[in-house]
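Notes follow the structure.
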Amino acid sequence: MKIGTVVTLARGLDEAPPGAHYPQLRVEALAEEVAWAREFGFGGLQIGWRGAPPAEPEEIAVAFGAEGVEVIALSAYTDLLGAEHNWPCKDLAAVKDMIALARPLGTDLIVTWGGFGDPSDPEDVRVVHSALAEEAACAGEHDVRIAIELYDRCVVGTVEQVNAAREALDTDALGVMMDPPNTMQEADLADLPGYYHRLMDAAGPWLFGAHAKDVLFEAGERKLPGPGEGAQDYVAYIRALAEAGYDGYLAIEHVNRDTVGPARDYVAAKLAEALPR
């Protein structure tokens, strides 16, 4: 297993919104920024941006290739049920544009959400499944996979819901971006590693990627800080991933340029403990 992180490409660091979950990389100094990531020990990055690409895809691919850093995936987050949001892709059409850019940028994976809404509402389910059907068809045309990040506030946000959508749409393009804190309840902390194993077993061969952040509960409210700042059992999480056959990247998120270093050190130490060579 390797360590990466999630970043946003931006024209100047002042584009970063308050409370941004990802380090911002300046496209005006992209080679330098990718070198910064490599020097941090990241062999791969999940990349995204807001709106139109801030640089030509070929320019981005060249900068990554020159430094030997992989593009793990593209961030194609959106809200399929809402017109007003701050995610990188403003709508379904933007997600499809991102799918088309994946291969030119050196990856076959995009990461997105399954619609923020009510999974018990038939109309919400219909709208989200219809959008995912279009995404899956586009992914098939471009030989790309779609990893839906787990989040229990989405219509399609649990492993079971991703599986149900894939079966309903008769596609193999939809899989899971594993992210246990996003569906964890406080009671699950007392059932580790069982909670992790249930997620991995349910995902099966459609476990397309894995994120690394943390979870804690304050007065019953779930918080999602960076790795090492919560109660997630990283050794158990990493071992469960390995036992499920996952050998890809752990992409660190919910950090910024100041906190990504300590998070990387924490995940690296837990990786060495979980899977000693």
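Residue Gln161 holds its CD atom at 13.5 Å from OH of Tyr151, rounded to the nearest 0.5 Å. Atoms OG1 and CD1, from Thr259 and Ile252 in turn, are 9.5 Å apart once rounded to the nearest 0.5 Å. Once rounded to the nearest 0.5 Å, the distance linking OG1 of Thr112 with CD1 of Ile110 reads 5.5 Å. Remark: Leu241 CG to Leu207 CG distance equals 6.5 Å, nearest 0.5 Å.
Side-chain contact annotation: Asp79 with His85, donor-acceptor N/O pair under 3.5 Å absent. Side-chain contact check for Gln46 and Tyr249: no donor-acceptor pair (N or O, by modelled atom type) lies under 3.5 Å. Side-chain N/O atoms of Tyr196 and Glu243 include no donor and acceptor closer than 3.5 Å. No side-chain donor-acceptor contact under 3.5 Å links Tyr195 and Gln185.
Aromatic ring centroids of Tyr234 and Tyr266 lie under 6.0 Å apart.
One finds no salt bridge joining Lys90 and Asp97 here, because no Lys/Arg side-chain nitrogen approaches an Asp/Glu carboxylate oxygen to under 4.0 Å. A salt bridge links Arg26 with Glu32; the closest basic N to acidic carboxylate O contact falls under 4.0 Å. Looking at Arg222 and Glu186, no side-chain N of the basic residue comes within less than 4.0 Å of a carboxylate O on the acidic one, giving no salt bridge. With respect to Lys96 and Glu134, a salt bridge is recorded, a charged nitrogen being found less than 4.0 Å from a carboxylate O. Taking the charged nitrogens against the carboxylate oxygens, Arg198 and Asp191 do have a contact shorter than 4.0 Å, which makes a salt bridge. No salt bridge links Arg166 with Glu135; every basic N to acidic carboxylate O contact stays at or beyond 4.0 Å.
At least one donor-acceptor pair closer than 3.5 Å links the side chain of Arg257 to the backbone N or O of Gln24. Remark: side-chain polar atoms of Arg103 are not paired, donor with acceptor, to backbone N or O of Val144 under 3.5 angstrom. Between the Asn182 side chain and the Leu150 main chain, a donor and an acceptor come within less than 3.5 Å of each other. Without hydrogens or angle criteria, Thr183 side chain to Asp152 main chain gives no donor-acceptor distance under 3.5 Å. When atom types are taken as modelled, the side chain of Asp214 and the backbone of Gly230 share a donor-acceptor pair closer than 3.5 angstrom. Side-chain N or O atoms of Gln232 include one that pairs as donor or acceptor with a backbone N or O of Lys213 at under 3.5 Å.
The hydrophobic clustering, which links ILVMFWY residues whose side-chain heavy atoms are closer than 4.5 Å, places Val215 and Val235 apart. Linking Ile, Leu, Val, Met, Phe, Trp and Tyr residues whenever their side-chain heavy atoms come within less than 4.5 Å leaves Leu216 and Leu192 in two separate clusters. There is no path of hydrophobic side-chain contacts, each under 4.5 Å, that joins Val62 to Leu25.
Nearest heavy atoms, Pro88 versus Ser75: CB-O, 4.0 Å. Between Met200 and Ala240, the shortest heavy-atom contact is CG-O, 3.8 Å. In terms of heavy-atom proximity, Asp233 sits nearest to Ala236 at OD1-N, 3.1 Å. Of all the heavy atoms in Asp118 and Val155, the pair that sits closest is N-CG2, 3.8 Å. The minimum heavy-atom distance between Ala147 and Phe208, with the atom names listed, is CB-CB, 4.0 Å. Here the closest non-hydrogen pair linking Val162 and Gly175 is CG1-O, 3.6 Å.
In the displayed structure, Glu58 atom CD is contacted under 6.0 Å by at most 12 heavy atoms of other residues, nucleotides or ligands.
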